[in-house]
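Worksheet for the structure shown next.
Note that the structure is predicted; figures quoted are calculated from it, not measured. As the structure lists them, so they are numbered: ligands from 1, and atoms in each ligand from 1.
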Amino acid sequence: MNKIVFITGATAGFGEACAMKFAANHYNVIITGRRKGRLERLAGQLVASYAVEVLPLVFDVRNREQVLQLIGTLPEAWKQVDVLINNAGLAAGKDTFDTASLDDWDTMVDTNLKGFAYVAQAVSKLMIPHKRGHIINIGSVAAKQVYAQGNMYCATKHAVDALSQAMRIDLLPHHIKVTAIHPGAADTEFSMVRFKGDRIAADHVYDGLIPLVATDVAETIFYCTTLPEHVCINDLVISCTQQADCFYYDRE
Ligand code: NDP
Ligand code: 8X3
């Protein structure tokens with residue numbers, strides 16, 4: 001029987017690449033996000049290319065009732081989730097602490113912190129009865145360092161780091177692995193979202209770099225799930241070779 005992976009934020013970037021990678025490796029895939037059309041297209045592609053089962057679920061991770069309702073009432077055949085890729089998230093804006101938009105702060109806290117935690121708790125409840133499962137939380141290099149104008153984004157990603165540690169401790173008796181993956185600059189839709197469609201600002205992030213691409217991160221996540229049952233990568237920072245951390249880049 002195929003294993004099951006549950007991926008949030010599968011309509012783009014890392015989540016979409018993970019859906020392809022896991023489906024190619026015979027996982028049945030629960031794909032989620034807000035953009036229904038994209039989920040449906042991806043579902044069709046996964047079924048056609050890999051002959052796996054796909055369950056698309058359209059929801060906003062900020063909507064607590066919807067998260068709990070949809071995950072709490074998964075069809076019987078989908079309840080035994082083996083891997084959760086808790087990935088949905090965003091940066092909104094890049095402004096100094098005193099000038100940042102409070103709406104942007106709310107969006108990031110509600111998505112990257114609260115929504116992230118709602119999904120993890122709901123899926124962990126499905127894993128506990130089976131005494132197995134693997135939760136992959138997507139943090140960032142911004143979970144490890146704070147950079148100028150990164151204020152609330154960095155705070156939410158530091159919270160992902162803290163909650164990953166918390167989950168690892170509290171879910172230990174239930175034999176659930178918790179891996180936090182912290183990518184550096186990766187060329188996905190992330191920067192276009194952060195800069196609200198400003199293509200020049202978005203492209204500027206990757207000036208002179210060969211940045212990570214989504215498949216680099218998906219390959220790494222998949223690798224973490226292939227290790228023997230008694231081995232868990234707890235915390236992993238991955239960046240392109242031209243990036244040392246949040247501050248040091250070797251741009252061409
Ligand atoms: P993308 O913008 O390409 O993808 C983000 C995904 O998150 C989309 O599928 C989007 O789906 C989903 N999403 C966003 N908000 C919500 C919401 N409220 N409810 C449900 N789904 C939501 O970005 P990435 O793939 O790059 O980002 C994925 C994760 O990786 C994020 O947590 C990001 O912070 C993190 N990250 C990104 C890095 C980068 O440089 N790209 C580096 C380090 C970490 P939809 O809009 O359809 O809802
Ligand atoms: C995204 C990477 O460096 O823009 O998390 O914060 S960074």
Any side-chain donor near an acceptor of the partner, Trp105 and Asn151, under 3.5 Å: yes
Protein heavy atom at shortest distance from atom 5 (C) of ligand 1: Gly89 O, 3.8 Å
Minimum-distance protein heavy atom relative to atom 43 (C) of ligand 1: Pro183 O, 3.1 Å
Nearest-0.5 Å distance that lies between atom OG1 in Thr107 and atom CZ in Arg62: 5.5 Å
Sub-3.5 Å N/O-N/O distance, Gly15 and ligand 1: no
The single option from Leu39, Thr8, Ile30 passing side chain to side chain contact (heavy atoms under 4.5 Å, CB included) against Leu57: Ile30
Thr8 to ligand 1, any heavy atom closer than 4.0 Å: no
Option whose closest heavy atom lies nearest to atom 42 (C) of ligand 1, chosen from Ser140, Gly184, Ser239, Ala186: Gly184
Contact check: Gln243 vs ligand 2, nitrogen or oxygen atoms, below 3.5 angstrom: no
Residue Ser140 vicinity, atoms of ligand 2 by number, heavy atom under 4.0 Å: 1 (C), 2 (C), 5 (O), 6 (O)
Short N or O distance, Tyr249 and ligand 2, threshold 3.5 Å exclusive: no
Which of the ligand 1 atoms, numbered from 1, are nearer than 4.0 Å to a heavy atom of Gly13: 3 (O), 25 (O)
Sub-4.0 Å heavy-atom approach of Tyr153 to ligand 1: yes
Contact (N/O only, under 3.5 Å) between Asn87 and ligand 1: yes
Single hit among Arg168, Lys144, Gln165 for side-chain hydrogen bond (donor to acceptor under 3.5 Å, both in side chains) with Asp235: Lys144
Distance in Å, Tyr118 OH paired with Glu65 CD, rounded so as to fall on 0.5 Å steps: 8.0 Å
Thr32 side chain vs Ile7 backbone, donor-acceptor pair below 3.5 Å: yes
Spacing of Gln69 atom CD and Leu74 atom CG [to the nearest 0.5 Å]: 10.0 Å
Minimum-distance pair of heavy atoms, taken over all atoms of Cys246 and Ala142: SG-N, 4.1 Å
Test item: side-chain donor near acceptor, Asp250 and Gln242, under 3.5 Å: no
Nearest non-hydrogen protein atom, atom 6 (O) of ligand 2: Tyr147 OH, 2.7 Å
Rounded distance (nearest 0.5 Å) linking atom CD of Glu219 with atom SG of Cys224: 11.5 Å
Side chains of Val67 and Arg64 in contact at under 4.5 Å (non-hydrogen atoms): no
Single-linkage hydrophobic cluster Val123~Val29, side-chain heavy atoms < 4.5 angstrom: no
Nearest non-hydrogen protein atom, atom 22 (C) of ligand 1: Ala88 CB, 3.7 Å
Interfacing atoms of ligand 2 (cut-off 4.0 Å, heavy-atom, Arg194): 4 (O)
Where ligand 2 meets Val141 - atom numbers and elements under 4.0 angstrom, heavy-atom basis: 3 (O)
Centroid-centroid under 6.0 Å between Phe22 and Phe222 rings: yes
Nearest protein heavy atom with distance in Å, relative to atom 48 (O) of ligand 1: Arg34 NE, 2.6 Å
Ala12 neighbourhood, listing ligand 1 atoms whose heavy-atom distance to it stays under 4.0 Å: 3 (O), 4 (O), 9 (O)
Under 3.5 Å: N/O of Val61 near N/O of ligand 1: yes
Contact check, Ala10 vs ligand 1, heavy-atom distance below 4.0 Å: yes
Pro211 heavy atom under 4.0 Å from ligand 1: no
Ligand 1 N/O within reach of Thr188 N/O, cut-off under 3.5 Å: yes
Distance-only polar pair, side chains of Thr96 and Asp98, donor-acceptor under 3.5 Å: yes
Proximity to ligand 1 by part of Ala185, non-hydrogen separation under 4.0 Å: backbone
Ligand 1 to Gly33 polar contact by distance, N or O atoms, under 3.5 Å: no
Donor + acceptor pair across side chains of His158, Asp161 (<3.5 Å): no
Nearest non-hydrogen protein atom, atom 44 (C) of ligand 1: Gly139 O, 3.1 Å
Ligand 1 to Ile138 polar contact by distance, N or O atoms, under 3.5 Å: no
Interatomic distance, Leu163 atom CG to Asn137 atom CG [nearest 0.5 angstrom]: 8.0 Å
Leu42 CG to Leu46 CG distance, which is reported to the nearest 0.5 Å: 4.0 Å
For Ala142, atoms of ligand 2 separated by under 4.0 Å from a heavy atom: 6 (O)
Subset of ligand 1 atoms that lie under 4.0 Å from at least one heavy atom of Arg62: 18 (N)
Residue Thr11 vicinity, atoms of ligand 1 by number, heavy atom under 4.0 Å: 8 (C), 9 (O), 10 (C), 11 (O), 45 (P), 47 (O)
Contact with ligand 1 for Lys157, non-hydrogen, under 4.0 angstrom: yes
